[in-house]
Every structure is written in C-alpha cells, then in structure tokens.
Amino acid sequence: MELMTLLVGANISESVRGAFETGSVSVQAITLVAIVIGAIFVNNVVLSQFLGICPFLGVSSKVETSLGMGMAVTFVMALSTVVTWALQTFVLAPFGIEYMQTIVFILVIAALVQMVEIVLKKVSPALYQALGIFLPLITTNCAVLGVAIIAVQKDFDLLTGVVYSTATALGFALALVLFAGIRERLDMEDVPSALRGVPIALITAGLLAMAFMGFANVVPLP
C-alpha cells in the first residue's frame, strides 16, 4: 500500500482502502494499476522527472516519427528490464558484484538498441531514416537506464518491473506524441519570429508539463 501511495502521489481513497481491508480486490492488482497510472500520468518520465529530454525535443517534429520512437523505446525498456532483472538476481547479487550494475546495464541496453536498429533498417527504412541519430542515442537515454536501475532498487519482482517499465515507456511515448502534435499545429500558426524553433518548443513543453501536474491527485479505483 505504501508503494501505491508513493507512485500515485496521493492518499488512498476510502473505497480503495476498504477494498484492501475486505480483500475483495487483489493487493497486487491494485498495486499494478497504481504503478501504471503513476508511471504514465503522475510521474511521467519526461514531463515530471525530466529524463529523456534529448529525444523528446529532437524527434518530436512529426507525430509519425514520435510514434515510432515511442514504440522503439517501449520495446527497449520492457526487454532491458527483463534482462537486467535476471542479471541482477542471478549474477550480480549472488557474486557480490553489484558495483558493476551500471556498466552491465548500459551494455545490455546498447545491445538491445543495436538489435532494434537492425530490425528497423530492414522492416521500415523510412522510419529508420527519420529517427536518424536519435535511434542509437536510445543507448544513452537516461530514462531507459534510470527505469532499469529503479526497478532493481525498489526490489520489484519480474512482473512488477515489466509493468513499471512498460508503463513508463508508454508515458514517454504519450508525451512525445502529444508534443509532436502541438508542434505540427504550431508550424501552421503565425508565431513571432523571436520565438520560432527551440524557444516556442521549450515554452510548449513547459505548458504540457504543467498540464500533466493536474494528474497529481489521481487515485485509481477498483
């Protein structure tokens, strides 16, 4: 219950508390719902935690490109969490080499990004060209590494870790697509010359982050 309160960022409502006390709703199910809502809306990795800003600003000129980047990041985040959880549980912790965590996790993420890059180049050359240098930069996207480390530090089991990483990636994709849609509309508007380009993009990102602050008191109901 403490985990749910932490991730959602609000007090648990009476109905949710009653569900816990009566046992009518699974504790794990409620926790997973809280994790999903918290990761996508309340603690959005880009708009609330300010991770992954580089691709957020660099690949958000078109909705189609943003959607492709979001899908790629979702795949890498979910799969990297599975691999890093297994390495942490069965290799790093048993052998007492947790200090190698960051290096090992970066190598895992780099390998997965390379795999995604090869697949995209074969399956969708147009999307591969559109993503350009930002695709290999997923390797250095602090959001991907951060999610993998958080999942280990919070001692999530495999299911919870995968749900958390997938929800976080979906939150990243949502923010990216929304931002791209706004920027496409701005291209058709008469923006003052002093604000065109990066300045108006940063202002829009700030307003979008403020809008997501409205989810701060959201509480999932059973």
Between [X] and [Y], what is the shortest heavy-atom contact and its length?
X      : Y      : answer
Ala194 : Pro199 : O-CG, 3.8 Å
Ser60  : Ser66  : CA-OG, 3.4 Å
Ile138 : Ala72  : CD1-CB, 4.1 Å
Glu117 : Pro136 : OE1-CB, 4.1 Å
Phe172 : Pro55  : CZ-CG, 4.0 Å
Leu47  : Ala209 : O-CB, 3.5 Å

[Y] backbone acceptor or donor facing [X] side chain under 3.5 Å:
X      : Y      : value
Glu184 : Val63  : yes
Thr89  : Trp85  : yes
Asn44  : Ile40  : yes
Arg196 : Val191 : yes
Thr204 : Ile182 : no
Ser48  : Val45  : no
Thr84  : Thr81  : yes
Thr74  : Thr166 : no

Over 12 foreign heavy atoms within 6.0 Å of CD, Glu64: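 Not buried by this count: 12 neighbours or fewer within 6.0 Å.
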Which residues share a ring-ring contact (aromatic ring centres under 6.0 Å, His included) with Phe105, sequence neighbours left out: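 ring-ring contact (aromatic ring centres under 6.0 Å, His included) check on Phe105 returns nothing, list empty.
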Val123 vs Tyr128, side-chain contact (heavy atoms from CB on, under 4.5 Å): CA-CA, chis, key distance, verdict: CA-CA 9 Å; Val123 175; Tyr128 174 80; over 6 Å; no
